[in-house]
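The chains referred to below are lettered A, B, ... by the order of the sequence lines, with proteins before strands, and numbering in each begins at 1.
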Number of protein chains: 2
Amino acid sequence: MGINEKVPQGFKFYGTHVGIKKRKKDFGLIVADDICSAAAVFTKNTFCGECIPIGKKHVENAELQAVVVTSGIANVATGLEGRENEYRILDKIAAKLAIEPKNILPSSTGVIGPQLPIKTIETFLETHSLDLDQDYETFAQAILTTDNRIKVRSLNVGDGKILGIVKGSGMIEPNMATMLAYILTDIKISKEEIYPMLKTAVDQSFNTISIDSDTSTSDTVAFLASGHTSASTKEIQAALNQICYELALDVVKDAEGATKTMFVTVKNAVSQEQAKKAGKSIINSPLVKTALFGHDPNWGRIAMALGKTEGLVFDQNKVEIFYGEYPIFSENHEEQQNIEPITTFIQENEDIYLTVDLHQGKENFQVIGCDLSYEYVKINSDYST
Amino acid sequence: MGINEKVPQGFKFYGTHVGIKKRKKDFGLIVADDICSAAAVFTKNTFCGECIPIGKKHVENAELQAVVVTSGIANVATGLEGRENEYRILDKIAAKLAIEPKNILPSSTGVIGPQLPIKTIETFLETHSLDLDQDYETFAQAILTTDNRIKVRSLNVGDGKILGIVKGSGMIEPNMATMLAYILTDIKISKEEIYPMLKTAVDQSFNTISIDSDTSTSDTVAFLASGHTSASTKEIQAALNQICYELALDVVKDAEGATKTMFVTVKNAVSQEQAKKAGKSIINSPLVKTALFGHDPNWGRIAMALGKTEGLVFDQNKVEIFYGEYPIFSENHEEQQNIEPITTFIQENEDIYLTVDLHQGKENFQVIGCDLSYEYVKINSDYST
């Protein structure tokens with residue numbers, strides 16, 4: 001379907017260059033035609049950006065009408081001046097669009113430390129009209145930093161539509177990411193229902209991915225429902241879960257320098273929480289990640305990473321490790337005959353499925369991560385200079 | 001002083017190639033002339049090597065007479081066969097040296113998974129005499145894997161001497177390392193005192209370093225006291241602390257691919273434990289480590305890593321960050337005038353001192369880590385192939 005067909009009723013977009021970045025788009029807006037039911041979840045990083053407390057306050061009453069994103073500078077560790085700058089931007093936009101500042105959710109992503117060039121932004125807003133339209137791609141471009149591509153997903157659900165836009169490609173773990181995600185739907189959702197729905201979807205998606213174990217100071221996932229159409233709670237939850245999962249996967253696929261995506265399922269643990277912790281320990285291990293980059297099915301490092309999981313007790317004699325359907329370690333020995341086919345499989349495929357069976361309980365959990373490449377080091381040793 | 005002058009009375013060494021590695025030395029022995037007071041601390045990794053339970057049992061009575069190390073294969077995840085192979089090696093050595101197998105501490109380091117070439121090792125031991133002498137350097141060479149150099153430290157203390165030998169250069173955190181350390185002294189230490197002394201020294205040294213947040217399956221630090229000389233408890237504890245600190249620092253300095261050593265002190269935390277956790281979060285952050293590699297004084301990533309420390313509550317408005325004596329972030333703003341001198345400092349120095357002052361409590365803790373370079377990725381994406 002074309003761009004317009006994907007846009008839920010009641011939402012318009014804007015994306016432009018205001019002068020935070022050198023040349024690329026750095027300012028994006030989503031505006032609804034009326035106040036929406038809304039929910040958002042935010043970074044758990046204690047050292048958080050100035051947008052975060054403002055956003056938390058503004059979404060407290062489960063209402064939002066707009067989202068504004070500045071990219072290139074994160075507005076983190078900027079103190080009172082940084083906070084005031086956000087309010088100045090909100091005031092200008094509110095005045096221009098005739099909406100209330102308290103119904104706008106601000107986000108900012110980029111380098112930590114510098115102040116936003118507030119004069120430049122204000123001058124731009126004073127001298128330009130904000131030509132909102134259905135072109136969400138300009139918005140999706142405007143929110144990017146080290147991302148290689150825009151990441152957008154959409155679905156039809158009931159009579160309505162759901163559209164998700166995400167940015168993020170590093171500093172992704174464990175409770176969301178340098179990640180901003182905006183999910184819009186025209187389906188009517190009550191103010192009571194919208195937060196639990198979003199929380200459910202985020203726990204199964206964004207909270208299961210990890211690129212580098214670093215947690216951003218500005219993570220935000222916001223969900224706005226304009227209420228023009230309808231669908232059953234079950235339908236909308238399923239669609240929201242799917243959109244969030246697809247967006248989360250898009251983020252891992254666009255991970256800084258990554259060449260492989262690794263899906264790690266820890267099976268038969270005593271609890272989902274333990275399975276998740278063990279999976280994260282594996283997917284965040286620099287030695288597992290560099291082995292994956294080297295196409296090396298080094299299950300010893302997987303065993304090591306499993307064993308270092310804090311608080312995880314298991315019997316190493318019962319552990320089995322599989323790449324796809326191939327066992328590589330079981331009954332305390334390496335399945336040597338499988339090393340070659342697995343190595344070939346890793347060489348030839350981007351998506352690598354790893355299963356670790358603890359044979360201990362009944363709970364499973366899947367986490368998603370990626371490899372650690374020269375390119376990751378290059379991108380991140382170069383970033384602010 | 002020459003080699004012989006550094007060796008505590010009562011110890012001899014041996015190092016050779018038995019055929020685990022292709023060409024390099026892969027078999028080392030330390031033998032005391034009589035049973036020593038002894039203590040050891042081991043990896044906390046649940047998925048541990050076959051040497052670990054044997055070593056724990058053998059040192060339980062605070063007595064050891066010898067240490068044997070095989071390098072090149074870790075003897076981890078090798079099941080019953082792996083365990084039996086260790087006992088076969090101990091039996092052969094015990095018979096040859098006329099000591100008891102239960103007084104030997106075994107260690108193994110290298111690739112996880114494969115079985116030791118036990119026939120080759122046994123044949124070697126049957127056909128060669130073990131020519132023990134005071135040349136600890138051949139032993140120090142025999143225990144290396146990806147290390148670039150042997151790491152040995154010594155001190156005089158009271159009437160006696162203390163000598164420490166360590167290997168390790170990756171998979172180093174948080175409770176020791178792919179790290180084997182042997183500390184020998186001729187000072188008399190009682191069986192009751194020796195373990196607490198070692199634990200105190202290890203907590204202030206090996207447990208404060210991190211190369212890549214991965215924890216080895218075979219870590220061991222053993223301490224043997226032959227009892228030929230004497231010194232006060234205070235003197236020996238101070239010497240042991242210093243030797244352990246120097247050895248730990250040697251490990252970080254030899255870290256896989258590292259170009260810089262970073263000393264992170266978290267000051268004025270509410271507890272030492274919180275200061276340590278915060279320090280480890282900083283020193284293990286891939287984004288902090290790549291910035292260091294890029295000579296980029298990116299304090300924003302330090303703030304991010306501080307903020308993601310699990311369970312750490314602090315007021316971000318009070319945080320100050322220093323490189324050496326230079327503040328780079330205080331009172332919620334970047335100290336721009338210091339960026340250039342700090343960048344120059346990072347470029348020109350190998351040891352980088354970072355201080356994060358939380359202004360919250362009264363406890364300080366220092367941890368030590370290193371940068372993340374292309375070379376780390378290269379070494380570890382190539383390791384088993």
Side-chain angles (χ1 to χ4, degrees), chain A residues 44-48 74 76-82 111-114 170-171 212-217 284-287 290-291 293-296 298-301 303-309 312-314 316-317 319 329 331-334 372-374 376-385, chain B residues 44-48 74 76-82 111-114 170-171 212-217 284-287 290-291 293-296 298-301 303-309 312-314 316-317 319 329 331-334 372-374 376-385:
Chain A
K44 290 190 178 165
N45 195 307
T46 311
F47 212 111
C48 67
V76 176
T78 48
L80 205 56
E81 188 183 340
V111 181
I112 296 174
M171 220 192 266
D212 54 12
S213 80
D214 280 332
T215 306
S216 158
T217 49
N284 282 328
S285 157
L287 290 171
T290 46
F293 175 61
H295 301 169
D296 173 5
N298 193 318
W299 59 269
R301 295 183 182 177
M304 173 281 298
L306 180 70
K308 73 167 180 161
T309 311
L312 182 72
V313 181
F314 61 91
Q316 74 181 66
N317 298 306
V319 169
F329 177 71
E331 294 181 355
N332 256 312
H333 70 271
E334 179 175 86
L372 171 58
S373 69
Y374 296 123
Y376 178 88
V377 176
K378 184 171 191 321
I379 292 165
N380 287 302
S381 56
D382 262 2
Y383 185 62
S384 84
T385 47
Chain B
K44 290 189 178 166
N45 195 308
T46 310
F47 212 111
C48 67
V76 176
T78 48
L80 205 56
E81 189 183 339
V111 182
I112 297 174
M171 218 192 265
D212 53 13
S213 81
D214 280 331
T215 307
S216 158
T217 50
N284 282 328
S285 158
L287 290 172
T290 47
F293 176 59
H295 302 170
D296 173 6
N298 193 319
W299 60 270
R301 295 183 182 177
M304 173 283 297
L306 180 70
K308 73 167 181 162
T309 311
L312 183 72
V313 181
F314 61 90
Q316 74 182 67
N317 297 306
V319 169
F329 177 72
E331 295 182 354
N332 255 312
H333 71 272
E334 181 175 85
L372 171 57
S373 68
Y374 297 124
Y376 178 87
V377 176
K378 183 171 191 318
I379 293 166
N380 287 302
S381 57
D382 263 4
Y383 184 63
S384 85
T385 48

(message) Is any side-chain heavy atom of A:Leu287 closer than 4.5 Å to one of B:Tyr376?
(response)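 In short, these two side chains touch, coming nearer than 4.5 Å.
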(message) Could you tell me if the side chain of B:Val76 sits less than 4.5 Å from the side chain of A:Met304, heavy atoms only?
(response)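 Result no, sub-4.5 Å side-chain heavy-atom pair not found.
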(message) Between A:Phe329 and chain B, with a heavy-atom cut-off of 4.5 Å, which part of the residue counts as in contact: side chain, backbone, both or neither?
(response)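 Side chain only.
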(request) Examine whether an atom of A:Leu80 lies under 4.5 Å from a heavy atom of chain B, and if so say whether it belongs to the side chain, the backbone or both; otherwise answer neither. (result)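 Contact with chain B is absent: no heavy atom of A:Leu80 under 4.5 Å.
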(message) Would you compute the distance between atom NZ of A:Lys378 and atom CZ of B:Phe293 and round it to the nearest 0.5 angstrom?
(response)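 With rounding to 0.5 Å, NZ (A:Lys378) is 11.0 Å from CZ (B:Phe293).
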(request) Say whether, by atom type as modelled, one donor and one acceptor occur between the side chain of B:Glu334 and the main chain of A:Pro114 under 3.5 angstrom. (result)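 A pair under 3.5 Å: no.
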(message) Below 4.5 Å, heavy-atom pairs only: which of A:Gln316, A:Glu81, A:His333 has the largest tally toward chain B?
(response)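 The candidate making the most pairs under 4.5 Å is A:Gln316.
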(request) Please determine, among B:Thr309, B:Val377, B:Asn317, the option with the most heavy-atom pairs under 4.5 Å with chain A. (result)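 The answer is B:Val377.
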